[in-house]
Amino acid sequence: MSKIVYVGMSGGVDSSLTAALLKQQGYEVTGVYMKNWSQDLPGFTCPWKEDYQDAKRVAVQLGIDFKLYDFETEYRQKVVDYMVGEYQAGRTPNPDVMCNQEVKFKLFLETALADGADMIATGHYARIKDGQLLTGLDGSKDQSYFLYRVTEDALRHSLMPIGELKKSVVRAEAKKLGLATADKPDSQGICFVGKVGIKDFLLAELGEQPHGDIIDQHGKLIGEHDGAIFYTIGQRHGLQVGGGLPFYVTGKDMAKNQVQVTTDLQDTKLWHQQFTITDVHWINCQPDLTKQYQARVRYRAALVPITLLALTKQGLQMTLGEEVRALTPGQSAVIYDGDRVVGGGIVTNH
RNA sequence: UGGGGCGUGGCCAAGUGGUAAGGCAUCAGUUUUUGGUACUGACAUUCGGGGGUUCGAAUCCCUCCGCCCCAG
């Protein structure tokens with residue numbers, strides 16, 4: 001008897017081909033559209049209906065069952081509230097990491113299993129082998145960074161067939177199969193919410209923010225910002241301050257509602273080598289402090305060799321083999337052992 | 001009030017007779033399942049106002065306006 005797989009179908013090419021491939025491989029496939037967000041925002045129409053229809057269209061083409069799971073309430077609580085709270089605290093969260101941890105590989109998994117599935121599948125560019133998470137074979141599309149908070153148990157119940165393919169192949173295969181989504185542009189923006197600028201999103205959630213001072217590396221007042229929460233470390237644009245060299249954000253003082261910037265790209269405040277991550281999560285087992293690993297400090301950043309210093313209740317201290325620019329509190333540092341994701345945590349304030 | 005200097009797009013800033021560099025910012029696009037980064041493109045018929053000299057001026061002259069510095 002073939003296994004029953006529930007495939008999360010977002011209405012994009014990747015998850016469409018995922019469903020098609022699993023069907024070909026003999027699984028008993030059901031497509032599921034997760035409705036996590038449907039709210040329109042000023043100047044932005046939520047594309048959920050279109051996405052739903054595209055997913056449904058592909059399901060019909062493939063002749064598979066199709067369902068809609070409504071997770072809006074939970075998505076709001078677990079992802080959006082988390083994200084907004086982090087911004088308010090002066091950090092820069094990664095909602096997609098949380099979405100994978102809480103929604104796709106928890107809520108969706110549990111719901112699917114309860115509905116009779118043996119496994120779930122997603123269109124992520126990552127691979128799963130023996131309960132381990134590996135990078136996607138297409139290095140330029142690898143999405144393992146977003147998945148480091150998934151549990152081994154969830155991985156053992158998940159499939160990510162796209163992780164074995166290159167993006168160009170995915171598109172070509174989708175086209176060959178005549179899938180309705182073959183030429184649909186890749187999605188961008190906040191997971192499930194869509195292509196909305198984070199500033200517009202926060203404005204819609206929180207309203208106008210108190211303006212404050214922009215201070216340069218010499219402590220000089222050089223301008224006014226329209227809300228410290230909108231700015232993130234390393235950011236260059238959006239300061240509306242000109243004259244000479246570009247300004248990069250080096251830090252924020254939420255208590256003083258200040259944004260600190262520098263024109264000096266060598267400024268020590270812009271470069272970091274040693275830091276701590278908290279809320280650590282290990283997929284299979286804790287890292288070996290004596291072993292050489294690599295870390296990725298932001299999505300698509302190069303892997304940097306690291307030395308682990310100490311694993312405490314507070315988190316993990318580590319030193320990078322080289323300085324990285326604009327390490328940002330709230331973002332995730334993911335630890336790799338070659339192409340295997342060991343785990344990671346959240347970069348703390350420093 | 002004397003003496004000197006300056007006024008070029010939102011901000012810096014080249015250009016001192018030959019028909020407006022460059023950078024920042026901004027906007028658009030590309031890259032990207034977060035934010036950010038990076039990359040590409042767009043952006044002054046006009047040089048504080050007025051007048052004059054000249055084939056031709058942001059560049060020379062006159063004048064008015066504004067700002068800065070030194071004297072006091």
Side-chain angles (χ1 to χ4, degrees), chain A residues 8-15 18 34 36-37 47 51 75 79-80 82-84 86-104 122-126 136 138-149 160 162-163 167 170 184-202 214 216 222-225 227-252 259 261-263 265 270-271 296-302 324-334 346-347:
Chain A
M9 295 178 72
S10 65
V13 232
D14 299 332
S15 55
T18 299
M34 284 175 247
N36 295 325
W37 186 266
D51 291 340
Y75 184 78
V79 181
V80 178
Y82 156 78
M83 181 174 89
V84 172
E86 285 289 290
Y87 272 109
Q88 285 182 299
R91 290 184 289 270
T92 306
N94 190 324
D96 291 357
V97 166
M98 195 53 70
C99 176
N100 284 323
Q101 172 185 299
E102 294 294 333
V103 179
K104 291 180 186 161
T122 63
H124 283 106
Y125 284 85
D138 185 340
S140 62
K141 289 296 292 185
D142 173 43
Q143 292 170 334
S144 59
Y145 176 85
F146 295 107
L147 296 165
Y148 79 97
R149 286 192 158 277
M160 299 177 186
I162 295 299
K167 180 77 193 194
V170 169
K184 192 171 171 181
D186 290 358
S187 69
Q188 293 172 352
I190 307 164
C191 159
F192 284 111
V193 176
K195 195 174 179 165
V196 208
I198 190 64
K199 189 166 179 177
D200 290 332
F201 186 81
L202 290 174
I214 301 177
D216 76 5
I222 58 152
E224 185 187 89
H225 69 250
I229 62 168
F230 301 128
Y231 299 90
T232 190
I233 312 303
Q235 180 170 343
R236 164 179 178 170
H237 296 93
L239 293 169
Q240 316 216 310
V241 183
L245 296 165
F247 289 102
Y248 293 89
V249 175
T250 54
K252 304 197 281 185
V259 172
V261 299
T262 186
T263 51
L265 271 175
L270 255 188
W271 296 88
R296 178 167 282 149
V297 149
R298 58 162 54 73
Y299 178 52
R300 281 168 52 83
V324 295
R325 191 167 159 270
L327 189 69
T328 307
Q331 291 286 291
S332 289
V334 178
I346 310 290
V347 176

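The figures here come from the full heavy-atom set of this structure, side chains too, leaving out hydrogens, waters and symmetry mates.
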Seminar exercise, completed: Rounding to 0.5 Å, atoms CD1 (A/I233) and CZ (A/R325) come to a distance of 11.0 Å

For this session: Can you tell me, in whole Å, how much space there is between the P of B/G18 and that of B/C60?
Result: 12 Å

Exercise. Listed by chain and number, what are the side chain to side chain donor-acceptor pair (under 3.5 Å) partners of A/Y125, not counting sequence neighbours?
Worked result: A/D14

For this session: Please determine, for the side chain of A/Y299, which listed nucleotide (B/G35, B/U33, B/A25) has the closest atom?
Result: B/U33

Seminar exercise, completed: Taken in chain and number order and not counting sequence neighbours, the residues that satisfy salt bridge (Lys or Arg N to Asp or Glu O under 4.0 Å) with A/D138 are none

Exercise. Base, sugar-phosphate alone, or nothing: which one does A/R298 contact when heavy atoms must sit under 4.0 Å apart?
Worked result: base

Problem set entry | Residues forming a salt bridge (Lys or Arg N to Asp or Glu O under 4.0 Å) with A/R149, sequence neighbours excluded | none

Exercise. RNA chain B: stems of at least 3 consecutive Watson-Crick or G-U pairs, cut-off 3.5 Å?
Worked result: B:1-7 with B:65-71, B:10-12 with B:22-24, B:26-30 with B:38-42, B:48-52 with B:60-64

For this session: Record whether the side chain of A/Q331 comes under 3.5 Å of the base of B/U34 through a donor-acceptor pair of N or O atoms.
Result: yes

Problem set entry | Test salt bridge (Lys or Arg N to Asp or Glu O under 4.0 Å) applied to A/D216 - qualifying residues, sequence neighbours left out | none

Exercise. If anything within 90° of 0 is syn and all else is anti, what is B/U33?
Worked result: syn

For this session: Only counting residues at least two apart or in another chain, list the ones meeting salt bridge (Lys or Arg N to Asp or Glu O under 4.0 Å) with A/K141.
Result: A/D186

Problem set entry | Separation of the C1' atoms in B/G7 and B/U59, to the nearest angstrom | 14 Å

Seminar exercise, completed: A/Y87 has its side chain closest, among B/U32, B/G35, B/G36, to B/G35

